[in-house]
Number of protein chains: 2
Amino acid sequence: MESNILSGETERLSASLEDYLEAMLFVILEKKGVRAKDIADRLSVSRPSVTSALQVLAAKRLINYAPYDVITLTDEGEKQAEKILSKHTVLQEFFTEVLLIEPEKAEAVACKIEHIADDALVERLRLFSRFMKENAESPEEWKKEFMRYCREHKMPKK
Amino acid sequence: MESNILSGETERLSASLEDYLEAMLFVILEKKGVRAKDIADRLSVSRPSVTSALQVLAAKRLINYAPYDVITLTDEGEKQAEKILSKHTVLQEFFTEVLLIEPEKAEAVACKIEHIADDALVERLRLFSRFMKENAESPEEWKKEFMRYCREHKMPKK
DNA sequence: CGGAAAAGTTAGACATGGCTTACAATCTTC
DNA sequence: GAAGATTGTAAGCCATGTCTAACTTTTCCG
């Protein structure tokens with residue numbers, strides 16, 4: 001009820017805020033630090049949009065942020081960012097390794113579904129991908145068959 | 001650029017509008033017609049929310065709507081509603097028949113993902129579910145094995 | 001028929017999350 | 001060290017989608 005922008009409570013993050021958090025971790029992992037600009041570029045949003053997101057994330061104690069200062073993730077923020085990133089990875093792998101979808105498309109869909117799929121579903125999906133990899137009699141065999149199956153049942157139009 | 005609430009253009013529907021459309025079709029399929037009340041109940045939103053959604057859908061020529069009058073789907077509206085419903089079904093089936101997730105959970109997730117997954121992905125998923133059903137040497141065998149696999153790799157906590 | 005209940009609508013508020021425009025701070029480079 | 005470029009912030013707007021409160025219309029009966 002009383003939770004607003006200033007409360008530091010741990011409600012579920014919106015898809016949008018998860019995107020910002022994930023983007024921050026991603027950039028941090030490949031450079032030394034993050035600048036608002038990096039986030040804006042990565043998410044294709046304007047710089048002002050980044051600023052307001054950062055203010056909200058700071059209020060939730062997920063990032064250390066002060067105007068014009070360095071941005072870092074708090075422990076909690078890092079934990080959450082890592083969870084999102086891991087969901088993304090699991091989804092991406094399922095789409096490419098099991099459904100045999102092109103990586104770019106898989107990437108795009110994973111980006112959206114990662115915010116929706118709960119932990120249990122993603123874990124199950126992770127297990128399924130592993131299961132198909134490890135427990136198939138001939139790991140590459142079913143993929144060939146599935147590809148053939150897809151060709152045979154190709155959509156007629158559009 | 002010039003498209004607004006009044007234009008009948010065929011932009012992509014928002015997740016929310018898709019929900020309304022889908023709910024209408026669902027109700028229609030099990031009763032003779034739809035009332036705004038039915039939609040409100042089914043989607044757990046207020047009656048005014050339904051009214052405004054209906055106005056938007058009417059502007060997009062997806063429903064026939066006039067204040068206090070009967071609500072019906074146009075041909076285009078029905079087409080779109082059916083597509084959404086079919087995505088829902090495909091997802092639901094994949095979650096229950098392949099991932100072996102409990103129907104209620106599957107339902108909840110399908111409801112959200114149906115708005116995100118594009119046609120190609122859903123089609124691929126449909127083929128995959130069918131493939132696993134038809135082409136497994138022993139259709140029930142891999143499910144047993146997967147269940148065992150899941151038990152063995154059960155998450156330690158939470 | 002007539003009035004109460006149910007259903008639908010309008011008006012107005014609020015939250016989210018994006019944008020642009022304009023200004024402020026920082027960095028770069030001579 | 002100062003000018004210009006880059007980066008960051010503030011203010012204010014818009015769209016979406018929800019809500020409540022209050023009003024209107026329709027429906028249902030007694």
Side-chain angles (χ1 to χ4, degrees), chain A residues 1-9 11-24 27-28 31-60 62-72 111-112 115-116, chain B residues 1-9 11-24 27-28 31-60 62-72 111-112 115-116:
Chain A
M1 298 300 127
E2 41 69 53
S3 70
N4 55 36
I5 233 104
L6 298 175
S7 82
E9 299 313 315
E11 314 113 13
R12 280 270 284 120
L13 290 178
S14 67
S16 166
L17 290 181
E18 284 192 354
D19 274 332
Y20 283 103
L21 213 51
E22 187 188 12
M24 289 179 66
V27 175
I28 286 174
K31 305 172 59 168
K32 64 266 163 144
V34 219
R35 286 167 312 154
K37 181 65 172 14
D38 300 323
I39 305 171
D41 289 346
R42 184 166 168 74
L43 297 181
S44 298
V45 295
S46 66
R47 281 173 284 128
S49 298
V50 175
T51 298
S52 40
L54 293 181
Q55 289 167 345
V56 177
L57 290 173
K60 292 180 184 294
L62 297 174
I63 64 172
N64 300 116
Y65 166 80
Y68 298 103
D69 202 352
V70 186
I71 311 166
T72 55
C111 268
K112 291 183 279 184
H115 305 300
I116 290 179
Chain B
M1 293 309 115
E2 42 68 52
S3 69
N4 55 36
I5 232 98
L6 298 175
S7 82
E9 301 312 316
E11 315 114 12
R12 280 269 286 123
L13 289 179
S14 66
S16 167
L17 290 181
E18 283 191 355
D19 274 331
Y20 283 101
L21 213 52
E22 186 188 14
M24 290 180 64
V27 173
I28 286 172
K31 305 171 60 167
K32 64 262 164 152
V34 220
R35 286 168 310 154
K37 183 68 172 14
D38 300 324
I39 304 170
D41 290 345
R42 185 166 167 76
L43 297 181
S44 297
V45 295
S46 67
R47 280 172 288 132
S49 297
V50 176
T51 299
S52 40
L54 293 181
Q55 289 168 346
V56 177
L57 289 173
K60 292 178 184 295
L62 297 173
I63 65 173
N64 299 116
Y65 166 80
Y68 300 103
D69 203 351
V70 185
I71 311 166
T72 56
C111 269
K112 291 183 281 183
H115 305 300
I116 290 180

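Quick note on labels: first sequence line is chain A, next is B, and so on, each numbered from 1.
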**Q.** Gap between atoms CG and P, on B:D19 and D:dG17 respectively (whole Å)
**A.** 10 Å

(Q) For the NE2 atom of B:H115 and the CD1 atom of A:I116, what is their distance to the nearest 0.5 Å? (A) 8.5 Å

Q.
Could you tell me how far apart B:L54 (CG) and D:dT18 (P) are, to the nearest whole angstrom?
A. 12 Å

Q | Interatomic distance where OH belongs to A:Y65 and P belongs to D:dG8 [whole Å] | A | 9 Å

Q: Tell me which nucleotide among D:dT26, D:dG17, D:dA10 gets nearest to the side chain of B:S14.
A: D:dG17

Q. If only side-chain N and O atoms of B:Q55 are considered, is one of them under 4.0 Å from the OP1 or OP2 phosphate oxygen of C:dT10?
A. yes

Q: Give one of base, sugar-phosphate or nothing for B:V45, where a contact means two heavy atoms less than 4.0 Å apart.
A: sugar-phosphate

(Q) Tell me the interatomic distance from A:I71, atom CD1, to C:dA25, atom P, rounded to whole angstroms. (A) 18 Å

Q. When we call it a touch if two heavy atoms are under 4.0 Å apart, what does B:S16 touch: a base, just sugar-phosphate, or nothing?
A. sugar-phosphate

Q | Between D:dT7 (P) and A:R35 (CZ): distance, integer Å | A | 5 Å

Q) Touch check for B:S52, heavy atoms < 4.0 angstrom, all strands: base, sugar-phosphate only, or nothing? A) base

**Q.** Gap between atoms CZ and P, on B:R47 and D:dC23 respectively (whole Å)
**A.** 15 Å

Q) Within less than 4.0 Å of OP1 or OP2 of C:dC19, is there a side-chain N or O belonging to A:S49? A) yes

Q.
Can you tell me if A:Y20 touches the phosphate of C:dG18, counting only side-chain N or O atoms and a distance under 4.0 Å to OP1 or OP2?
A. yes

Q: Measure the CD1-CG distance between A:I39 and A:L21 for me, rounded to the nearest 0.5 Å.
A: 9.5 Å

Q) Rounded to whole angstroms, how far apart are NZ on A:K37 and C1' on C:dT26? A) 15 Å

Q: Report yes if a side-chain nitrogen or oxygen of B:S46 is closer than 4.0 Å to either non-bridging phosphate oxygen (OP1 or OP2) of D:dC19; otherwise report no.
A: yes

Q) Would you call B:R42 and B:E22 a salt bridge, using N to O less than 4.0 angstrom? A) no

Q: Measure from the side-chain N and O atoms of B:S44 to the backbone N and O of B:A40, and report whether any donor-acceptor pair falls under 3.5 Å.
A: no

Q: In whole angstrom, give the distance that lies between atom CG of A:L13 and atom P of C:dG17.
A: 10 Å

Q: May I ask you to say what A:P67 touches in the nucleic acid, namely base, sugar-phosphate or nothing, with a heavy-atom cut-off under 4.0 Å?
A: sugar-phosphate

Q.
As a quick check of understanding, evaluate side chain to side chain contact (heavy atoms under 4.5 Å, CB included) for A:Y65 and A:T51, giving each step before the final call.
A. CA-CA 10 Å; A:Y65 166 80; A:T51 298; 3.8 Å; yes

